[in-house]
Engineer: 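Got a structure for you, written out below as structure tokens; questions coming shortly.
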Amino acid sequence: MKLSEICINITDGKHGDCSNQFGSGYYFLSAKDIHDRILDYSTVREITKGDFLETHRRTNLEPGDILLTNSGTIGRMAIARDDERTRRTTFQKSVAIIKPNKVLVNSEFLYYYLLSKNSEIVELAGGTTQKNLLLGDLRCFEIPLPPLPEQRAVAEVLSSLDDKIELNRRMNRTLEQLAQAIYKHMFVDNPEREGWGTKRLGEIADVNWGDTNTTKASYVTDGFIAFSAKGPDGYLPYYDFNVTGVVLSAIGANSGMTWLAQGKWSCIKNTIRFWSTSEEVSTEYLVMATFGNEKWPLRGSAQPFISQTDARNMLINVPEKGLAKKFGDLVNPLFSQMDHNTEQNKVLAELRD
């Protein structure tokens with residue numbers, strides 16, 4: 001059946017902008033807030049109640065509705081959960097809503113089926129400078145429709161895998177917050193920190209560009225984790241490093257963001273990588289001491305970047321009594337568990353797909 005035949009409505013979001021109002025509790029999603037099969041509220045804008053009500057009359061987002069990015073980066077999908085924020089959320093034109101008719105189709109079955117056909121949906125998009133997926137083409141997209149009991153059985157198996165993936169993500173966020181709390185207790189709130197010295201990052205770490213000859217075009221479906229300027233987002237058939245290190249986004253909108261890399265990994269163009277070469281500090285300490293793009297010396301306006309020289313000259317507090325080394329021993333199990341959870345999620349996602 002065509003998608004339009006099994007859905008109550010298929011439309012896009014607001015054609016225009018809304019007024020910001022921090023703390024209002026009304027949300028205005030954009031395409032960037034849809035990734036990893038969830039609605040990410042960590043960076044979403046909050047808008048006035050009036051703008052929300054005006055836009056919500058058209059979109060009426062409810063639990064079980066499917067959201068699909070239809071402009072720019074095509075095909076990222078999420079399913080709206082039974083969350084109090086869902087009914088207080090609307091979205092931009094770059095996001096399409098698919099409202100299943102639940103008498104005919106199970107929402108999660110439809111979501112997983114569309115997810116499995118992501119490449120075909122992306123191919124429907126037209127345009128030269130910016131790709132756009134027309135609602136008419138989306139409405140004509142055909143899917144097979146097994147009986148509802150079979151749909152529910154498929155959805156139950158796949159959603160249980162996604163639930164475990166989301167549990168691991170939440171666990172990683174908790175572990176990261178715990179590491180940050182330990183760092184704050186030991187180094188930010190420490191009354192003795194005024195006597196600590198400072199050193200340039202290049203004096204206590206090996207700091208160099210990532211592989212400037214490798215881009216995302218070299219990514220493969222499976223292999224060793226690779227970091228781009230957007231973080232750990234792909235795989236290469238080889239690895240460049242087998243050491244705990246830090247990857248810094250050095251060019252583009254994410255400049256100044258850092259990620260801890262463990263095991264066997266690589267980093268490609270537009271990144272800088274570093275790890276401790278000093279007996280005084282651990283690499284785990286360095287990733288926390290350099291966390292936050294406000295700490296990095298950014299150059300450029302339209303295209304922010306961090307030069308290798310500036311990165312090497314960045315001043316780092318060096319605590320006394322080997323505290324920065326002890327910190328690494330203390331939090332290394334937390335980071336190792338996060339790495340294990342991430343690897344497990346990779347296996348679970350492959351199984352689900």
Engineer: Let me see the working for E176 and R173 under salt bridge (charged side-chain N to carboxylate O under 4.0 Å, His left out), right down to the final yes or no.
Structural biologist: CA-CA 5 Å; E176 184 177 13; R173 286 195 292 270; over 6 Å; no

Engineer: With distance as the sole test, does R45 use its side chain to make a donor-acceptor pair with the main-chain N or O of C18 at under 3.5 Å?
Structural biologist: yes

Engineer: Using the side-chain hydrogen bond (donor to acceptor under 3.5 Å, both in side chains) rule, take D233 and Y219 through it: C-alpha gap first, then chi angles, then the decisive distance, then the call.
Structural biologist: CA-CA 9 Å; D233 60 356; Y219 280 1; 2.7 Å; yes

Engineer: Provide the closest heavy-atom pair for A289 versus I316 in the form atom of the first, atom of the second, distance.
Structural biologist: CB-CG2, 4.4 Å

Engineer: Side-chain contact test, heavy atoms from C-beta onward, threshold under 4.5 Å: evaluate it for I6 versus N101 and give yes or no.
Structural biologist: no

Engineer: Sub-3.5 Å donor-acceptor pair from the side chain of T48 to the main-chain atoms of Q21, do we have one?
Structural biologist: no

Engineer: Would you please say whether a donor-acceptor pair under 3.5 Å links the side chains of S255 and N293?
Structural biologist: no

Engineer: Give a yes or no on this: more than 12 heavy atoms of other residues, nucleotides or ligands lie within 6.0 Å of atom NZ of K2.
Structural biologist: no

Engineer: Would you say the side-chain atoms of D339 and N341 include a donor-acceptor pair closer than 3.5 Å?
Structural biologist: no

Engineer: Can you tell me which residue among R87, R88, K99 is in a salt bridge (charged side-chain N to carboxylate O under 4.0 Å, His left out) with E62?
Structural biologist: K99

Engineer: Just by distance, do the side chain of S278 and the backbone of I204 share a donor-acceptor pair under 3.5 Å?
Structural biologist: no

Engineer: What is the ring orientation for Y26 with F52, classed by angle as parallel under 30°, tilted 30 to 60°, or perpendicular over 60°?
Structural biologist: tilted

Engineer: Using modelled atom types and a 3.5 Å cut-off, is there a donor and acceptor pairing between side-chain atoms of Q151 and backbone atoms of N106?
Structural biologist: yes

Engineer: About how many Å separate CD1 of I10 and CZ of F141, when rounded to the nearest 0.5 Å?
Structural biologist: 11.0 Å

Engineer: Can you find a heavy atom in the side chain of N208 that is under 4.5 Å from one in the side chain of I272?
Structural biologist: no

Engineer: Are I79 and L61 joined in one hydrophobic group, where the rule is that I, L, V, M, F, W and Y side chains link up if heavy atoms are under 4.5 Å apart?
Structural biologist: no

Engineer: Between L330 and P333, which heavy-atom pair has the shortest distance, and what is it?
Structural biologist: O-CD, 3.5 Å

Engineer: Are T43 and D33 close enough, and set up right, to give a side-chain hydrogen bond (donor to acceptor under 3.5 Å, both in side chains), and what steps lead you there?
Structural biologist: CA-CA 7 Å; T43 57; D33 302 314; 3.2 Å; yes

Engineer: Which residues, ordered by chain and number, are linked to F227 in its hydrophobic cluster, where ILVMFWY side chains connect at heavy-atom gaps below 4.5 Å, directly or through other members?
Structural biologist: V220, I225, Y235, F241, V243, V247, M257, W259, W265, W275

Engineer: Could you check whether any side-chain heavy atom of S71 comes within less than 4.5 Å of a side-chain heavy atom of K93, counting everything from C-beta outward?
Structural biologist: no

Engineer: Going through the checks in order, is the side chain to side chain contact (heavy atoms under 4.5 Å, CB included) test met by L175 and Q177?
Structural biologist: CA-CA 5 Å; L175 291 169; Q177 289 167 357; over 6 Å; no

Engineer: Looking at K49, I'd like to know if its NZ atom is crowded, meaning that more than 12 non-hydrogen atoms belonging to other residues, nucleotides or ligands lie closer than 6.0 Å.
Structural biologist: no

Engineer: Where does the angle between the aromatic ring planes of F224 and Y239 fall among parallel (under 30°), tilted (30 to 60°) and perpendicular (over 60°)?
Structural biologist: perpendicular

Engineer: For residues T89 and Y41, report the shortest heavy-atom separation together with the two atoms involved.
Structural biologist: OG1-OH, 2.8 Å

Engineer: Does the side chain of M314 come within less than 4.5 Å of T290's, by heavy atoms?
Structural biologist: yes

Engineer: Same cluster or not: are L323 and V281 linked, directly or through other Ile, Leu, Val, Met, Phe, Trp or Tyr residues, by side-chain heavy atoms under 4.5 angstrom apart?
Structural biologist: yes

Engineer: Does a salt bridge link E280 with K199, judged by any charged N lying under 4.0 Å from a carboxylate O?
Structural biologist: yes

Engineer: I would like to know whether R273 and D211 meet salt bridge (charged side-chain N to carboxylate O under 4.0 Å, His left out); could you show each step before the answer?
Structural biologist: CA-CA 10 Å; R273 55 57 173 184; D211 187 349; over 6 Å; no

Engineer: Below 4.5 Å, heavy atoms only, C-beta onward: do L67 and M77 meet side chain to side chain?
Structural biologist: no

Engineer: Could you check whether T283 and S276, counting side-chain N and O atoms only, form a donor-acceptor pair closer than 3.5 Å?
Structural biologist: no

Engineer: So does E156 have more than 12 non-hydrogen atoms from other groups sitting under 6.0 Å from CD?
Structural biologist: no

Engineer: Around atom NE2 of H185, are there more than 12 heavy atoms of other residues, nucleotides or ligands at under 6.0 Å?
Structural biologist: no

Engineer: Salt bridge (charged side-chain N to carboxylate O under 4.0 Å, His left out), that's the test. Do R81 and E108 meet it? Break it down for me.
Structural biologist: CA-CA 10 Å; R81 301 301 179 184; E108 291 193 328; 3.1 Å; yes

Engineer: Any sub-3.5 Å donor-acceptor pair from E46's side-chain atoms to G25's backbone N or O?
Structural biologist: yes

Engineer: Could you tell me the separation between the CG atom of L348 and the CG atom of D162, rounded to the nearest 0.5 Å?
Structural biologist: 9.0 Å

Engineer: With heavy-atom distances below 4.5 Å as the criterion, would you say the side chains of K117 and E142 are in contact?
Structural biologist: no

Engineer: Tell me if the NZ atom of K32 is crowded by more than 12 foreign heavy atoms within 6.0 Å.
Structural biologist: yes

Engineer: Can you check whether L315 reaches L201 side chain to side chain, under 4.5 Å on heavy atoms?
Structural biologist: no

Engineer: Using modelled atom types and a 3.5 Å cut-off, is there a donor and acceptor pairing between side-chain atoms of D353 and backbone atoms of E350?
Structural biologist: no

Engineer: With a cut-off of 6.0 Å (strictly less than), are more than 12 heavy atoms of other residues, nucleotides or ligands near CD of E84?
Structural biologist: no

Engineer: Looking at K14 and E54, is there a salt bridge between them, counting it only when a charged N and a carboxylate O are closer than 4.0 Å?
Structural biologist: yes

Engineer: Just verifying a value: how many Å separate M338 CE and N168 CG, rounded to the nearest 0.5 Å?
Structural biologist: 11.5 Å

Engineer: Would a distance-only check, ignoring hydrogens and angles, find a side-chain to backbone donor-acceptor pair under 3.5 Å from S218 to T214?
Structural biologist: no

Engineer: Say you draw a straight line from CG of D137 to CG of N132; how long is it, rounded to the nearest 0.5 Å?
Structural biologist: 11.0 Å

Engineer: Specify whether Y183 and Y285 have parallel, tilted or perpendicular ring planes, treating 30° as the upper limit for parallel and 60° as the lower limit for perpendicular.
Structural biologist: tilted

Engineer: OG1 of T90 to CG of L29: how many Å apart, nearest 0.5 Å?
Structural biologist: 8.0 Å

Engineer: Crowded around K184 NZ? As in, over 12 foreign heavy atoms under 6.0 Å?
Structural biologist: no

Engineer: Are V105 and M1 linked, directly or through intermediate hydrophobic residues, by side-chain heavy-atom contacts shorter than 4.5 Å (ILVMFWY only)?
Structural biologist: yes

Engineer: Is there a donor-acceptor contact under 3.5 Å from the side chain of T69 to the main chain of G75?
Structural biologist: yes

Engineer: Counting C-beta onward and ignoring hydrogens, is there a side-chain heavy-atom pair between L178 and L334 closer than 4.5 Å?
Structural biologist: yes

Engineer: Treating D51 as the side-chain partner and I47 as the backbone partner, does any N or O pair qualify as donor plus acceptor under 3.5 Å?
Structural biologist: no

Engineer: Give, for atom OG1 of T11 and atom CD1 of I97, the distance between the pair rounded to the nearest 0.5 Å.
Structural biologist: 8.5 Å

Engineer: Which atoms form the tightest heavy-atom contact between G256 and I306, and what is the distance?
Structural biologist: N-CD1, 3.6 Å

Engineer: Might you confirm whether atom CZ of R299 has over 12 heavy atoms from other residues, nucleotides or ligands at distances under 6.0 Å?
Structural biologist: no

Engineer: Can any side-chain N or O of R58 pair as donor or acceptor with the backbone N or O of D12 at less than 3.5 Å?
Structural biologist: yes

Engineer: So, T198 versus N317: side-chain donor-acceptor pair below 3.5 Å or not?
Structural biologist: no

Engineer: With side chain to side chain contact (heavy atoms under 4.5 Å, CB included) as the test, would you mind laying out the steps for I165 and Q344 before giving the verdict?
Structural biologist: CA-CA 8 Å; I165 291 172; Q344 188 180 70; over 6 Å; no

